[in-house]
Number of protein chains: 2
Amino acid sequence: MIRLLLVDDHEIITDGIASLLEEDTEIQIIGQCASGPEALQKIPYLKPDVVITDIEMGDDIDGIELTSIVQKEHPDISIIILSMYDDSIKIQKSIEAGAMGYILKNTGKQELIKAIQNVFEGKTYFSNEVNNSLVKGMVQQNKNNTNNPFDRLTKRELELTKLIAQEYTNPEIAEKMYISEFTVKTHRRNIIKKLDVKSTVGLVKLALKHHILNE
Amino acid sequence: MIRLLLVDDHEIITDGIASLLEEDTEIQIIGQCASGPEALQKIPYLKPDVVITDIEMGDDIDGIELTSIVQKEHPDISIIILSMYDDSIKIQKSIEAGAMGYILKNTGKQELIKAIQNVFEGKTYFSNEVNNSLVKGMVQQNKNNTNNPFDRLTKRELELTKLIAQEYTNPEIAEKMYISEFTVKTHRRNIIKKLDVKSTVGLVKLALKHHILNE
DNA sequence: TTTTTGATACCTATAAGTAGGTAGCTGGTA
DNA sequence: TACCAGCTACCTACTTATAGGTATCAAAAA
């Protein structure tokens with residue numbers, strides 16, 4: 001018997017799902033919440049096995065944040081995102097938040113039940129449609145990254161940037177690159193100017209964003 | 001007519017594919033290379049539309065690096081990774097490098113042709129099997145991230161970390177948080193000690209890894 | 001009530017980073 | 001041959017960050 005909690009600010013959705021699943025002998029709807037805060041309040045005593053939540057909700061806590069909090073406080077609860085959107089960024093953020101499944105609101109009853117059963121068993125459930133959107137979005141994100149600012153750097157500048165991003169100090173970098181610390185400082189200045197960042201922090205952020213280290 | 005270049009250090013693979021596609025009237029094999037460097041040498045004069053490459057090759061340049069270089073120097077060429085491995089990390093790195101497709105070596109002829117046609121048309125092609133591995137891997141990676149070092153920080157420390165990662169200086173942070181610069185410095189020291197990083201660079205790297213900014 | 005933790009604030013001292021400037025040498029290109 | 005970019009190196013000057021230490025107060029927990 002799977003204890004299922006539904007979270008969506010549209011009652012018609014939670015009612016619809018409840019109605020859809022009412023004949024299922026293995027799934028028991030133990031509650032319906034209209035918001036993230038309400039869900040967080042009720043989870044400790046309702047003790048669901050699986051939570052299905054929408055992303056967009058009217059209050060401060062959206063479904064992704066809810067997922068993150070529930071994951072942290074109740075790691076045994078499996079969470080499925082139920083969304084209208086197959087937006088790749090949202091899918092990625094849901095996974096990062098700890099969701100075990102992501103299905104769309106046009107999903108049929110059979111797939112819904114499959115998703116619930118899968119995550120209850122500790123597996124993941126992402127529909128083919130969601131998978132395709134995710135991958136297409138990742139490829140597109142990468143294309144939007146095509147204009148790589150690090151292409152503006154010379155070979156030595158790029159080498160030096162990698163060492164900065166690996167937490168070496170100027171004296172350490174000087175030693176590794178067989179140059180003087182004066183030269184390191186000059187390169188740093190040129191790099192920061194070329195990349196139009198405020199400081200080393202901005203540089204490191206950009207470097208990680210563009211995967212200049214193979215990590 | 002799609003001009004196709006094959007890159008794999010196992011001749012039996014490139015021969016096999018060539019043989020498989022020889023009856024296809026829309027695809028022309030214009031070359032077979034046994035290594036990344038060989039491919040990079042030949043691409044400028046062979047001018048393929050599509051490159052199919054393995055990942056693991058004996059020399060310094062693997063298929064992912066090859067993809068990255070080809071993408072940069074010849075952005076009109078579409079690249080498909082052909083691999084034995086459905087390893088999520090490799091799939092992600094392939095996408096980051098610029099691959100438009102990823103198929104496994106157990107792929108049938110029809111799917112191979114579909115992949116080639118798709119990427120030639122500027123679309124992506126990732127098999128369902130690859131998609132599922134990618135998503136499962138991403139979820140698993142996220143689970144491995146569960147032990148979030150930032151859980152060790154207090155509320156104020158976390159708030160201050162976010163401001164550091166947003167490139168604010170100590171005086172700026174002091175002003176934003178209504179505290180003295182001395183206190184900022186003390187917090188910084190405590191944070192760096194708690195997280196066991198070398199410096200601000202390490203802190204920013206960890207912060208980005210754990211998505212503490214909503215970017 | 002006592003202890004602990006978190007937040008705040010300050011001291012001294014030093015290292016590291018930032019920012020402006022200058023200049024010479026080498027190799028590649030026009 | 002002349003020019004340019006990249007690399008290297010140094011100067012002055014200042015800001016910022018790091019690192020060690022100390023201490024008080026308030027709130028929460030034991």
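What you see is a predicted model; the values in this text were computed from it and never measured. Chain letters run A, B, ... following the sequence lines, proteins first and then strands; every chain starts at 1.
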**Q** Rounded to whole angstroms, how far apart are CD1 on A:Ile191 and P on D:dG6?
**A**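 From A:Ile191 CD1 to D:dG6 P: 13 Å.
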**Q** Is it the case that over 12 heavy atoms from other parts of the model lie below 6.0 angstrom from the NE2 atom of B:His210?
**A**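 Yes, enclosed.
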**Q** Could you tell me whether B:Thr200 contacts a base, only the sugar-phosphate backbone, or nothing, with contacts defined as non-hydrogen atoms closer than 4.0 Å?
**A**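 The answer is sugar-phosphate, as B:Thr200 gets under 4.0 Å only of primed atoms, P, OP1 or OP2.
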**Q** Tell me whether the side-chain N/O atoms of A:Ser199 come closer than 4.0 Å to OP1 or OP2 in C:dG17.
**A** no
**Q** When the distance from OH of A:Tyr178 to P of D:dC7 is rounded to whole Å, what number comes out?
**A**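 Going from OH in A:Tyr178 over to P in D:dC7 covers 18 Å.
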**Q** Could B:Glu65 and B:Lys93 be called an ion pair, given the rule that one side-chain N must be under 4.0 Å from one carboxylate O?
**A**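 Judged by the 4.0 Å cut-off on N to carboxylate O distance, B:Glu65 and B:Lys93 do not form a salt bridge.
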**Q** How long is the line joining CZ of A:Arg188 and C1' of D:dA9, in whole Å?
**A**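 Atom-to-atom, A:Arg188 to D:dA9, this comes out as 17 Å.
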**Q** Quantify the bending of the helix from C:dT1-D:dA30 to C:dA30-D:dT1 as the angle between its end axes, each fitted on five pairs, to 10°.
**A** 50°
**Q** Look at the side chain of B:Thr186 and the base of C:dC10, then say whether one donor and one acceptor between them are separated by less than 3.5 Å.
**A** yes
**Q** Distance check needed: D:dG21 P versus B:Asn190 CG, whole Å only.
**A** 13 Å
**Q** So which protein N/O to nucleotides 3-7 of chain C N/O distances come out below 3.5 Å?
**A**
| unit_1 | atom_1 | unit_2 | atom_2 | d |
| --- | --- | --- | --- | --- |
| C:dA7 | OP2 | B:Thr154 | OG1 | 2.3 |

**Q** Scan residues 155-179 of chain A for pairs that pass salt bridge (charged side-chain N to carboxylate O under 4.0 Å, His left out), counting only residues two or more places apart or in two chains.
**A**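 Output for this query lists A:Arg156-A:Glu159, A:Glu157-A:Lys194.
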**Q** With a sphere of 6.0 Å drawn around OH of A:Tyr85, does it hold more than 12 non-hydrogen atoms of other residues, nucleotides or ligands?
**A** no
**Q** State, yes or no, whether a side-chain contact exists between B:Ile80 and B:Val50 at a heavy-atom distance under 4.5 Å.
**A**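 Side chain of B:Ile80 against side chain of B:Val50, heavy atoms only: contact under 4.5 Å found.
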**Q** Just checking, B:Lys198 and A:Tyr168: is the charged tip under 6.0 Å from the six-membered ring centre and within 45° of the axis?
**A** yes
**Q** Does a sphere of radius 6.0 Å around CD in A:Glu11 hold more than 12 heavy atoms from other residues, nucleotides or ligands, not counting ones at 6.0 Å or beyond?
**A**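 Open.
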**Q** Does any donor-acceptor pair link the side chain of A:Arg189 with the base of C:dG17 at a separation under 3.5 Å?
**A** no
**Q** Could you give the CG-to-C1' distance, from B:Leu203 to C:dA16, as a whole number of Å?
**A** 17 Å
**Q** Can you check the A:Lys193 NZ to D:dG6 P distance for me, whole Å?
**A** 14 Å
**Q** Between the side chains of A:Lys105 and A:Asp8, is the shortest nitrogen-to-carboxylate-oxygen separation below 4.0 Å, so that they form an ion pair?
**A** yes
**Q** For the pair made of OH in A:Tyr168 and P in C:dA16, what is the distance, rounded to whole Å?
**A** 15 Å
**Q** Could you state the atom-to-atom distance from CD of B:Glu181 to C1' of D:dA17 in whole Å?
**A**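 So the two atoms are 9 Å apart, to the nearest Å.
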**Q** Of B:Met177 and B:Lys185, whose nearest nucleotide on DNA chain C comes first from the 5' end?
**A**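 On the 5' side of the pair lies B:Met177.
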**Q** Counting only heavy atoms not in B:Gln28 (residues, nucleotides, ligands), do more than 12 fall under 6.0 Å from its CD?
**A** yes
**Q** Is any side-chain N or O of A:Asn170 closer than 4.0 Å to OP1 or OP2 of C:dG17?
**A**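 A:Asn170 to C:dG17 OP1/OP2: side-chain N or O found under 4.0 Å.
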**Q** Answer yes or no: is there a donor N or O on one side and an acceptor on the other, between the side chain of A:Thr183 and the main chain of A:Ile179, under 3.5 Å?
**A** no
**Q** From C:dT18, D:dC11, D:dT18, pick the nucleotide closest to the side chain of A:Phe182?
**A** D:dC11
